[in-house]
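Lettering of chains follows the sequences in order, A, B, ..., and the numbering in each one begins at 1.
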2 protein chains.
Amino acid sequence: MVTIKDVAKETGVSPSTVSRVIADNPRISPDTKQKVREAMERLGYHTNIHARNLVAKSTKAIGAIMPSSANKALQNPFFPEVLRGIGSVIHERQYSLTLSSGETEQEILEEVQRMVYGSYVDGLILLYSRVEDPVVAFLEERDFPYVMIGKPFARLEEITHVDNDNFMAGKQITNHLIARGHEKIAFIGGSKDLFVTRDRESGYLAALTDADLPHDEDYVIHTEFLKSGGKEAVEQLLSLPIRPTGIVVTDDLMSLGVLSTLEESGVQVPHDISLVSFNNAYLSEITKPALTTVDINIHELGAQSARALIERTIDNKIPPKRIIVPYTIIYRGSVKEQK
Amino acid sequence: MVTIKDVAKETGVSPSTVSRVIADNPRISPDTKQKVREAMERLGYHTNIHARNLVAKSTKAIGAIMPSSANKALQNPFFPEVLRGIGSVIHERQYSLTLSSGETEQEILEEVQRMVYGSYVDGLILLYSRVEDPVVAFLEERDFPYVMIGKPFARLEEITHVDNDNFMAGKQITNHLIARGHEKIAFIGGSKDLFVTRDRESGYLAALTDADLPHDEDYVIHTEFLKSGGKEAVEQLLSLPIRPTGIVVTDDLMSLGVLSTLEESGVQVPHDISLVSFNNAYLSEITKPALTTVDINIHELGAQSARALIERTIDNKIPPKRIIVPYTIIYRGSVKEQK
DNA sequence: ATCTCATATGAAAACGTTACAATAAAATAG
DNA sequence: CTATTTTATTGTAACGTTTTCATATGAGAT
């Protein structure tokens with residue numbers, strides 16, 4: 001292993017000078033810098049981060065905390081995509097990325113504690129958001145830098161987070177249905193405990209109100225993620241005396257389930273019922289009628305959170321902020337004019 | 001930050017003794033161990049990995065290298081799942097997991113070099129396999145511990161890798177179709193450059209041969225991952241003078257595309273054409289006819305590779321090995337008896 | 001009682017880096 | 001041409017561990 005001393009010896013300067021060259025300190029003459037850099041290149045020098053971290057406090061590493069795998073959400077293509085987003089800025093800034101590996105909530109907490117106490121990372125990105133999260137409590141108590149993707153459950157103004165404007169997205173996509181002549185519009189969302197669901201639902205309701213459409217409670221369904229839930233939801237809607245002509249579904253994967261159940265029941269999409277969805281996962285363009293869906297820009301959610309976190313690791317005193325990533329509506333084939 | 005010295009002072013022993021207690025050195029008396037452990041607990045001591053790594057050579061961290069994002073495969077739910085698998089053993093052994101963040105091949109190589117030279121990790125897991133991979137060349141040259149998920153392109157016997165028996169799986173799933181009376185069976189696979197495709201195809205062909213069925217070259221199609229490719233493949237098959245009655249598709253996501261194209265063309269699955277698939281991604285149970293598919297046990301692929309790697313980081317001289325993870329066929333509704 | 005040997009502990013060096021204080025050399029001012 | 005400031009460089013002390021070597025204590029063996 002070639003160290004700073006080897007480079008120093010090679011160039012005939014002191015180790016401290018080499019260290020300064022690495023840090024690009026202005027106090028070093030251009031000549032020396034040049035010379036040292038050549039030697040580093042020639043000998044194949046690479047900084048040993050452990051030595052560096054021991055003295056300088058920064059690790060130049062951040063951690064990403066995944067939700068516990070009890071949560072089926074993991075199957076969602078969301079994760080590889082956020083990780084890519086995070087990765088892109090991580091790479092650009094020459095940071096490195098550590099992933100949490102716990103499966104249960106308890107394990108995740110332990111993992112986080114190990115990362116924080118052992119000074120593995122400078123900051124953390126929480127890839128989920130839940131009620132009364134002990135991880136958040138711990139980080140707050142230690143005043144450790146972190147940002148959250150999605151909307152925090154409490155202390156909204158005190159936690160830096162990156163989110164979409166889910167209210168507006170929900171409103172706008174519902175408006176799309178309304179503009180196409182739909183008046184009986186249902187909503188199928190995930191758990192009510194999740195802010196994504198709540199915000200999108202509020203948007204949906206607002207659109208209805210703005211258009212002077214009544215909102216029927218039977219038209220709003222919350223279901224456990226997918227599969228059985230999605231099936232039940234659809235069956236419930238179809239058994240109603242007056243069937244909806246349009247449905248807003250809060251997740252593409254969910255839409256897939258809705259779509260298949262609808263077809264099983266002989267209901268044609270978009271002929272009989274129009275469907276709009278969220279996320280623009282890859283699969284949303286390969287379903288039978290391709291889905292009209294809200295592209296929430298997952299990659300950007302990741303990238304922005306990484307940027308915000310790095311900023312925060314440099315100065316944890318900057319005021320917390322909320323970053324809203326713009327969404328785009330992707331129009332495809334799941335919506336039809338309703339006469 | 002509470003250090004080993006603080007614990008030493010608190011208990012009235014020397015730092016070296018504390019260090020030995022941490023390492024559970026048998027030379028320390030049970031009494032002392034007890035006492036020191038209590039103090040560690042009380043003061044909230046946590047090992048600083050950077051200090052430890054500086055002297056002991058192990059980082060107790062491994063890296064996972066994702067494929068370049070040029071590769072659409074990233075959208076595949078495969079990744080969160082392998083990462084979970086890796087994570088489970090990582091956690092169990094108290095290791096930590098670093099993720100590569102490069103987007104292009106060049107970036108990935110740089111990333112790997114940084115990880116290796118900077119001694120960020122003890123070993124690497126390659127989550128992909130490609131021809132003439134500079135990353136592999138680099139790792140081989142440095143004799144750095146690594147394992148690969150999938151099948152290496154060269155030096156099969158020299159690289160520790162974790163894979164399924166894709167030949168047998170391909171054969172068995174094809175046999176399932178044959179047993180149900182199908183004789184005209186087509187195959188839709190990904191790029192011919194990928195070993196997964198090749199192996200599954202060989203299995204498919206072997207099944208045909210064993211059953212004395214002819215194999216028609218027109219029935220074998222290689223397509224770029226999905227979407228347009230999947231569509232074309234299906235159209236090609238349907239335009240044949242004699243249509244197949246069964247299709248083997250090498251990936252669930254691909255099957256989704258095949259399924260929708262088939263339906264668009266008015267072909268009913270499984271009534272007109274039966275479909276079998278691979279991977280058992282979550283979506284395979286929510287498609288219209290749920291897919292009969294090969295569960296390749298992605299989680300286990302990850303877990304096994306992590307285990308093999310950790311073993312290898314401890315002793316890089318152990319002979320390379322190949323680990324075959326068993327698959328299971330999940331029978332669902334996409335296959336029908338052919339009379 | 002002396003000697004050997006195991007057992008339990010401690011002192012100190014090392015790991016590769018950064019950062020502060022010190023110094024030497026060069027440039028500028030009076 | 002000395003005094004002062006500026007610029008470029010160096011020596012040294014940390015950072016928190018592990019590890020080798022040394023040492024003290026007590027138990028058996030002679």
Side-chain angles (χ1 to χ4, degrees), chain A residues 1-37 39-40 43-61 94 96 114-122 314, chain B residues 1-37 39-40 43-61 94 96 114-122 314:
Chain A
M1 173 139 286
V2 26
T3 82
I4 237 176
K5 287 181 189 164
D6 299 321
V7 178
K9 209 163 284 171
E10 177 83 5
T11 29
V13 300
S14 79
S16 11
T17 303
V18 177
S19 174
R20 281 195 172 71
V21 172
I22 295 168
D24 202 17
N25 187 310
R27 275 295 170 75
I28 300 296
S29 72
D31 285 4
T32 315
K33 277 186 182 171
Q34 172 75 14
K35 206 172 51 178
V36 170
R37 289 201 177 115
M40 291 196 324
L43 301 180
Y45 170 81
H46 285 257
T47 307
N48 180 318
I49 34 141
H50 300 288
R52 164 180 295 168
N53 176 251
L54 197 53
V55 37
K57 278 312 179 192
S58 153
T59 66
K60 290 204 170 272
Q94 301 246 57
S96 65
R114 207 157 61 93
M115 282 186 180
V116 171
Y117 285 132
S119 72
Y120 282 73
V121 294
D122 290 346
I314 291 162
Chain B
M1 171 138 288
V2 26
T3 82
I4 235 175
K5 286 181 188 163
D6 300 320
V7 178
K9 211 162 283 171
E10 176 82 5
T11 28
V13 301
S14 77
S16 11
T17 302
V18 177
S19 174
R20 281 193 263 255
V21 171
I22 294 167
D24 202 16
N25 187 312
R27 275 299 172 74
I28 299 298
S29 72
D31 286 4
T32 314
K33 276 186 183 171
Q34 173 75 14
K35 206 172 50 179
V36 170
R37 289 201 176 114
M40 292 196 325
L43 302 180
Y45 169 81
H46 284 256
T47 307
N48 180 317
I49 34 141
H50 301 289
R52 163 179 296 168
N53 175 251
L54 198 52
V55 35
K57 279 311 178 192
S58 154
T59 65
K60 287 198 172 277
Q94 301 246 59
S96 65
R114 209 157 61 93
M115 283 186 180
V116 171
Y117 285 133
S119 72
Y120 282 72
V121 293
D122 290 345
I314 291 164

Worksheet item: How close or far is atom P of C:dT17 from atom NZ of A:K60, stated in whole angstroms?
Response: 16 Å
Worksheet item: Who are the side chain to side chain donor-acceptor pair (under 3.5 Å) partners of B:D122, not counting sequence neighbours?
Response: B:S58, B:T59
Item to complete: May I have the distance from A:R27 (atom CZ) to C:dT18 (atom P), rounded to whole angstrom?
Response: 18 Å
Discussion item. Just to verify, what does A:R37 make a salt bridge (Lys or Arg N to Asp or Glu O under 4.0 Å) with, not counting sequence neighbours?
Written reply: A:D24
Item to complete: Just jot down the side chain to side chain donor-acceptor pair (under 3.5 Å) partners of A:T32, sequence neighbours excluded, or say none.
Response: A:S29
Worksheet item: Hey, does A:G118 reach any base, or is it just sugar-phosphate, or nothing, if we go heavy atoms under 4.0 Å?
Response: nothing
Worksheet item: OP1, OP2 of C:dG10 versus side-chain N and O of B:T17: anything below 4.0 Å?
Response: yes
Worksheet item: Which parts of nucleotides 13-24 of chain D does protein reach within less than 4.0 Å, heavy atoms only, written one letter per nucleotide 5' to 3' as B for base, S for sugar-phosphate only and - for none?
Response: --BBBBBB----
Which side-chain N or O atoms in residues 10-18 of chain B pair as donor and acceptor under 3.5 Å with protein atoms at least two apart or in another chain?
unit_1: B:E10; atom_1: OE2; unit_2: B:R42; atom_2: NH1; d: 2.4
unit_1: B:T11; atom_1: OG1; unit_2: B:V7; atom_2: O; d: 2.5
unit_1: B:T11; atom_1: OG1; unit_2: B:A8; atom_2: O; d: 3.4
unit_1: B:S14; atom_1: OG; unit_2: B:S16; atom_2: N; d: 3.4
unit_1: B:S14; atom_1: OG; unit_2: B:S16; atom_2: OG; d: 3.0
unit_1: B:S14; atom_1: OG; unit_2: B:T17; atom_2: N; d: 3.4
unit_1: B:S14; atom_1: OG; unit_2: B:T17; atom_2: OG1; d: 3.2

Worksheet entry | Set of ring pair (Phe, Tyr, Trp, His ring centres under 6.0 Å) partners for A:Y45, sequence neighbours left out | none
Worksheet item: Think A:S29 has a side-chain N or O under 4.0 angstrom from the OP1 or OP2 of D:dT7?
Response: no
Worksheet entry | Member of B:N25, B:I4, B:V36 meeting the side chain to side chain contact (heavy atoms under 4.5 Å, CB included) criterion with B:S19 | B:I4
